[in-house]
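Accompanying notes for the structure given below.
Keep in mind it's a predicted model, so treat the numbers as computed, not measured.
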Amino acid sequence: MSTGTGAGTGRGGGRALLGPEQRAEALAGMADRELDVLVVGAGVVGAGTALDAVTRGLATGLVEARDWASGTSSRSSKLIHGGLRYLEMLDFALVREALKERGLLLGRLAPHLVKPVPFLYPLQHKGWERFYAGSGVALYDAMSLSSGHGRGLPTHRHLSRKRALRIAPALRKDALVGALQYYDAQMDDARYVATLVRTAAAYGAQCANRARVVGFLREGERVVGARVQDVEGGGEYEIRAKQIVNATGVWTDDTQALIGERGQFHVRASKGIHLVVPKDRIHSSTGLILRTEKSVLFVIPWGRHWIVGTTDTDWDLDKAHPAASSADIDYLLEHVNSVLAVPLTRDDVQGVYAGLRPLLAGESDATSKLSREHTVAHPVPGLVVVAGGKYTTYRVMAKDAVDEAVHGLDQRVAPCVTEDVPLVGAEGYRALWNGRARIAARTGLHVVRVEHLLNRYGSLTEELLSLIAEDPSLGEPLTGADDYLRAEVVYAASHEGARHLDDVLTRRTRISIETFDRGTRSARECAELMAPVLGWDEQQIEKEVEHYEKRVQAERESQRQPDDQTADAARLGAPDIVPL
């Protein structure tokens with residue numbers, strides 16, 4: 001087995017394996033010796049922190065109460081972007097930082113997962129608006145290039161109304177006088193996090209999902225470890241660590257409460273909902289960005305679909321399953337329909353998802369202005385807290401968190417190297433992409449299928465092709481969700497840490513939001529494919545399918561409710577398959 005800097009980063013996954021055996025070994029291994037760093041929470045920031053720590057040579061553990069990215073990090077707008085609107089707030093430092101990260105992800109760290117995406121910004125006023133908005137987008141491009149990592153995207157262009165309507169015929173003629181087109185980037189957020197975790201594992205981090213911190217170990221004032229409950233097996237482990245990093249996002253305050261210490265800041269949850277509609281409902285070859293009275297609205301290309309979002313409202317109800325109400329859906333439809341020649345209706349909506357942004361809310365005016373900035377604190381010896389920020393800048397947040405943790409270690413530690421550590425699947429991706437026609441000929445798969453796999457797994461696609469070679473039935477598409485192959489379901493359970501049907505239909509794939517039936521037609525076939533890997537009997541298969549169907553039913557019911565309170569109550573009608 002390969003070790004060292006190349007461990008698991010080439011075509012084979014090496015140690016980047018997150019199957020049931022590896023999970024059990026990771027839990028036992030973490031309890032067996034004192035770690036340098038234990039990271040709590042496997043959203044994008046926690047996963048990035050684990051990768052940062054382990055690639056500095058630190059003994060690293062990562063635990064997550066639910067599934068990788070099951071909170072905010074699977075429910076974003078799926079954009080890697082500088083944040084054009086932050087320019088308007090004159091937050092140049094945040095935009096510059098985010099644009100540098102965007103360039104790194106596109107060019108070096110994850111070219112298989114992060115892709116360019118064009119956006120059209122319709123202009124509604126002659127003269128001044130073109131100058132004002134054009135200056136902003138020109139500055140955006142200039143900052144991207146000056147970061148040294150901005151050469152992967154085309155620069156913006158000015159369009160007449162006629163040209164704009166040619167590339168976006170869906171727009172009403174009276175909705176614009178002209179337009180600007182510019183580029184940002186996008187990714188599948190949950191897949192990105194799972195790949196981050198696998199990369200951390202490839203370099204030696206011990207990672208376990210469905211492992212919940214229920215308390216901290218103390219020696220006097222100092223935090224020296226955590227009590228971790230195996231949510232699946234029911235056992236409890238004492239994991240000792242020189243430093244613990246709390247990277248639990250909107251759960252930050254709840255995690256802090258376990259040590260009984262008042263934090264230096266609080267994290268406030270802001271709900272954003274998104275609608276998914278089929279590609280043919282909006283006739284356009286480009287994404288759209290529209291200004292609303294409160295913020296901006298995106299219409300984002302997403303395979304054979306569009307994602308329309310988002311909202312921004314306070315949320316103080318259930319954090320695990322934020323619910324989209326009827327009012328939320330109406331708000332998005334009303335705003336997007338204000339510019340569409342053929343309006344969208346409720347019947348056009350295939351999927352709906354709601355996520356919570358972790359916004360910093362300090363106890364003074366100074367900290368309350370932090371908004372999408374992030375902060376790192378060391379509230380008690382042995383415990384570091386990282387919170388706030390945005391998905392695009394996760395790597396910077398992770399670096400800052402580990403830098404802070406290193407202050408509490410009595411040893412010399414190497415500086416951050418993640419700027420030069422590609423995610424598993426990145427190495428060799430471009431060569432395989434160039435040879436995709438040969439791969440299709442060799443395997444008998446259509447070239448479109450090969451492209452789909454390469455853009456989800458990169459050079460790890462070879463592992464899926466091996467599964468298909470052993471069992472050709474895995475090369476068939478899934479019933480009711482033919483964008484995905486049966487092999488992807490098996491692989492999710494054997495290699496990517498999927499423990500339940502919900503993990504596969506909602507995060508390893510996006511079937512739960514990309515089909516009108518929300519994945520219920522695919523549920524049984526998926527459960528039967530996962531069963532041999534996870535040791536399920538017929539009774540467990542039935543339980544998984546029944547739970548998933550109830551979840552979909554509860555979500556549909558919540559989306560018919562008039563407000564947050566009634567939507568939340570309806571969504572809670574379907575409990576978690578393994579209650580926390």
Side-chain angles (χ1 to χ4, degrees), residues 8-9 12-20 22-23 26 39 41-52 54 62-76 78 80 105 109-115 186-203 205-211 247 249 353 355 391 394-395 398 418 421-426 429 452-461 463-464 467 484-485 487-513 526 530 533-534:
T9 54
R15 290 187 293 169
L17 194 60
L18 299 173
Q22 287 75 26
R23 176 182 175 277
V39 184
V44 72
V45 176
T49 301
L51 178 59
D52 187 296
V54 77
L62 173 68
V63 291
E64 161 59 46
R66 290 182 169 81
D67 184 25
W68 322 128
S70 57
T72 304
S73 295
S74 60
R75 308 177 196 201
S76 72
K78 327 256 182 266
I80 294 290
L105 292 170
L109 303 184
H112 55 316
L113 301 176
V114 181
K115 305 293 176 183
Q186 73 174 162
M187 45 68 228
D188 181 332
D189 48 9
R191 170 144 301 284
Y192 190 92
V193 174
T195 308
L196 257 183
V197 177
R198 292 188 69 188
T199 309
Y203 285 97
Q206 293 173 310
C207 310
N209 55 359
R210 308 280 174 182
Y353 64 93
Y391 199 112
Y394 82 86
R395 197 189 62 80
T418 54
V421 178
L423 271 55
V424 289
Y429 159 71
H452 162 88
L453 293 175
L454 287 171
N455 284 332
R456 284 168 57 73
Y457 307 95
S459 51
L460 298 182
T461 293
E463 296 182 342
L464 286 106
L467 288 177
Y484 299 96
L485 297 179
E488 295 182 73
V489 178
V490 174
Y491 189 80
S494 63
H495 286 66
E496 297 181 330
R499 303 284 305 164
H500 294 284
L501 180 58
D502 195 34
D503 300 343
V504 171
L505 292 173
T506 308
R507 285 173 291 278
R508 303 305 183 281
T509 70
R510 293 307 189 149
I511 294 168
S512 65
I513 55 171
C526 283
M530 295 172 73
V533 182
L534 297 173

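- Taking 4.5 Å as the limit, every side-chain heavy atom of Tyr391 sits out of range of all side-chain heavy atoms of Lys78.
- Rounding to the nearest 0.5 angstrom, the gap separating the CG atom in Leu505 from the CD1 atom in Ile513 is 12.0 Å.
- Annotation: the span from Leu485 atom CG to Leu464 atom CG amounts to 8.0 Å, rounded to 0.5 Å.
- Side-chain contact between Ser73 and Asp189 is absent, with no heavy-atom pair separated by less than 4.5 Å.
- Judged by distance alone, with hydrogens and angles left aside, the side-chain atoms of Tyr353 form a donor-acceptor pair with the main-chain N or O of Ser76 at under 3.5 Å.
- Contact check for Glu488 versus Val490: no side-chain heavy atoms found under the 4.5 Å cut-off.
- In this structure, CG on Leu454 lies 10.5 Å from CG on Leu460, to the nearest 0.5 angstrom.
- In plain terms, the two heavy atoms of Leu423 and Ala110 that are nearest each other are CD2-CB, 4.4 Å.
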query: Could you walk me through whether Thr418 and Arg395 pass the side-chain hydrogen bond (donor to acceptor under 3.5 Å, both in side chains) check?
result: CA-CA 8 Å; Thr418 54; Arg395 197 189 62 80; 3.1 Å; yes
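- Of the charged side-chain nitrogens involved, at least one lies within less than 4.0 Å of a carboxylate oxygen, so that Arg198 and Glu463 count as a salt-bridged pair.
- Summarising the geometry of Ser494 relative to Leu17, their closest heavy-atom pair is O-CD1, 3.7 Å, with the distance given to 0.1 Å.
- Counting only heavy atoms from C-beta outward, the side chains of Ser74 and Arg510 approach each other to under 4.5 Å.
- Thr509 places no side-chain N or O within donor-acceptor distance of the main-chain N or O of Thr506, the cut-off being under 3.5 Å.
- Within the 4.5 Å cutoff, no side-chain heavy atoms of Tyr192 are placed close to those of Ile80.
- Here Asp503 contributes atom CG and Met530 contributes atom CE; the two are 6.5 Å apart, rounded to the nearest 0.5 Å.
- Residue Ala200 comes nearest to Val54 through the heavy atom pair O-CG1, 3.8 Å, listed as atom of the first residue, atom of the second, then distance.
- Within the 4.5 Å cutoff, no side-chain heavy atoms of Arg508 are placed close to those of Tyr491.
- Closest non-hydrogen pair, Ala42 versus Val193, comes out as O-CG1, 3.5 Å.
- Arg23 places no side-chain N or O within donor-acceptor distance of the main-chain N or O of Arg499, the cut-off being under 3.5 Å.
- The shortest heavy-atom contact between Val39 and Ala247 is CG1-CB, 4.4 Å.
- In this structure, the side chains of Val424 and Thr195 come closer than 4.5 Å at one or more pairs of heavy atoms.
- The two residues Leu51 and Leu196 make their nearest non-hydrogen contact at CD2-CD2, 3.7 Å.
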Worked verdict on Lys115 versus Asp188 for salt bridge (charged side-chain N to carboxylate O under 4.0 Å, His left out): CA-CA 10 Å; Lys115 305 293 176 183; Asp188 181 332; over 6 Å; no
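- Interatomic distance, SG of Cys207 versus CD of Glu64, reported as 11.5 Å (0.5 Å rounding).
- Ring orientation note: the planes of His112 and Tyr429 are tilted relative to one another, at an angle of 30° to 60°.
- With rounding to the nearest 0.5 angstrom, the CG atom of Asp67 is 9.0 Å from the NE2 atom of His500.
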task: Any chance you could lay out the salt bridge (charged side-chain N to carboxylate O under 4.0 Å, His left out) test for Arg66 and Asp502, step after step, and finish with the verdict?
output: CA-CA 11 Å; Arg66 290 182 169 81; Asp502 195 34; over 6 Å; no
